[in-house]
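Everything below concerns the one structure shown next.
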Amino acid sequence: MNKALAGTLAVIAVSGVALTTAPTTAAEGSNSQPTKTQVFSTVLSPVPTNHVTGSGTARVQLTGNQATVTVMVSGLLAGVPHAAHIHIDGQGRCPIASEATLLNGHRALSTTDGAKAYGKVGASLTTRGDAGPNSEVAVTRFPTGSAYTYKRTFKVTADAAASIRRGNAVVVVHGIDYNGSGKFTNVLGPSELDPKLPQTATAPAICGVLRATPS
């Protein structure tokens with residue numbers, strides 16, 4: 001074997017070793033999702049300042065980016081739809097009383113007041129159709145009533161799935177009876193999300209941070 005050929009083979013051999021001993025890291029992969037099923041759950045508690053006595057629980061079973069979401073609530077305003085979402089990319093917490101602002105002269109927490117705490121909408125817990133962020137105020141497709149059990153399986157975005165897995169996702173159910181009138185009123189003015197809706201229809205009612213639990 002001549003020296004030139006031997007040198008070429010040596011370079012190929014070294015390159016081959018380098019390629020086989022340097023596995024691709026998760027960061028180098030292309031949007032791959034864990035295939036193991038994981039379970040996340042939370043207790044939903046009243047958002048301060050919003051005059052809510054309701055409560056509930058939420059559970060997310062996540063496989064890849066397919067989520068089976070179960071929400072059980074009680075004690076909310078009857079006879080009206082309650083928008084509900086998985087929020088992501090915030091501080092991974094529920095809002096506190098000091099974050100409330102004056103809404104039409106009354107101190108309360110709007111959805112945007114709470115956004116620093118729980119972030120943007122990652123998934124909308126609609127009963128049918130699209131379940132993505134674009135359905136944030138699709139009020140006719142959310143569960144209705146003071147007490148209900150919601151269960152649905154749908155695909156979430158890679159961003160939403162990652163937020164759930166790292167403990168940054170927050171479940172928020174909206175719609176409050178701020179002045180005890182038994183309906184959504186304009187007591188807090190119009191909603192900042194859709195001015196055709198009253199603020200009471202979109203203000204956060206109950207909230208909880210999703211945490212990993214044994215399956």
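All figures in this text were calculated on a predicted structure; none of them were measured in a lab.
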Inter- and intrachain pairs under side chain to side chain donor-acceptor pair (under 3.5 Å), touching residues 44-58, at least two apart: none
Asn104 CG to Asn186 CG distance, which is reported to the nearest 0.5 Å: 8.0 Å
Connected hydrophobic set around Met72, excluding itself, where side chains approach under 4.5 Å: none
Trace of the side chain to side chain contact (heavy atoms under 4.5 Å, CB included) decision for Phe40 with Val171: CA-CA 11 Å; Phe40 305 83; Val171 175; over 6 Å; no
Summary of salt bridge (charged side-chain N to carboxylate O under 4.0 Å, His left out) pairs that have at least one residue in residues 99-109, sequence neighbours excluded: Arg93-Glu99
Backbone of Arg128 reached by a side-chain donor or acceptor of Arg141 within 3.5 Å: yes
Least distance between heavy atoms, Tyr148 atom then His82 atom: OH-O, 4.1 Å
Listed once per pair and sorted, the salt bridge (charged side-chain N to carboxylate O under 4.0 Å, His left out) pairs that draw on residues 60-85, sequence neighbours left out: none
Remaining members of the apolar cluster that contains Leu77, side-chain heavy atoms under 4.5 Å: Val80, Phe184
Least distance between heavy atoms, Pro46 atom then Gly54 atom: CG-O, 3.3 Å
Partners passing side chain to side chain contact (heavy atoms under 4.5 Å, CB included) against Ser124 (at least two apart in sequence or in another chain): His85, Val121, Thr126, Ser135, Phe142
Hydrophobic cluster identity match, Ile164 and Val71, side-chain contacts under 4.5 Å: yes
Main-chain N/O of Leu125 paired with Arg152 side-chain donor or acceptor, under 3.5 Å: no
Distance-only donor-acceptor check, side chains Thr157 and Asp159, under 3.5 Å: no
Hydrophobic cluster membership, Ile88 vs Val47, 4.5 Å side-chain cutoff: no
Donor-acceptor contact present, side-chain Thr63 to main-chain Gln66, <3.5 Å: no
Summary of salt bridge (charged side-chain N to carboxylate O under 4.0 Å, His left out) pairs that have at least one residue in residues 175-195, sequence neighbours excluded: Asp194-Lys196
Chi angles and distances behind the side chain to side chain contact (heavy atoms under 4.5 Å, CB included) call for Val69, Tyr150: CA-CA 8 Å; Val69 182; Tyr150 167 94; 4.2 Å; yes
Stepwise side chain to side chain contact (heavy atoms under 4.5 Å, CB included) check, Val60 with Ile86: CA-CA 10 Å; Val60 177; Ile86 299 175; 4.2 Å; yes
Salt bridge (charged side-chain N to carboxylate O under 4.0 Å, His left out): pairs with one or both residues in residues 82-92, sequence neighbours excluded: Asp89-Lys120, Asp89-Arg166
Those residues that, when tested against Thr101, pass side chain to side chain contact (heavy atoms under 4.5 Å, CB included) (two or more places apart): Leu103, Asp113
Results of side chain to side chain contact (heavy atoms under 4.5 Å, CB included) for Val139 - residues two or more places apart only: Pro81, Leu197
Of all pairs that satisfy side chain to side chain donor-acceptor pair (under 3.5 Å), the ones with a partner from residues 67-77, not counting sequence neighbours: Thr68-Thr153
Donor-acceptor contact below 3.5 Å, side chain Asn65 vs main chain Lys155: no
Residue pair Ser41, Arg211: steps toward the side chain to side chain contact (heavy atoms under 4.5 Å, CB included) verdict: CA-CA 6 Å; Ser41 62; Arg211 301 297 189 198; over 6 Å; no
N/O donor-acceptor pair under 3.5 Å between His174 side chain and Ala83 backbone: no
Gln199 CD to His106 NE2 distance, which is reported to the nearest 0.5 Å: 12.0 Å
Gap separating the OG1 atom of Thr202 from the CG atom of Leu193, nearest 0.5 angstrom: 4.5 Å
Linked hydrophobic residues, Val170 as query - side chain contacts closer than 4.5 Å: Tyr118, Val172, Val209
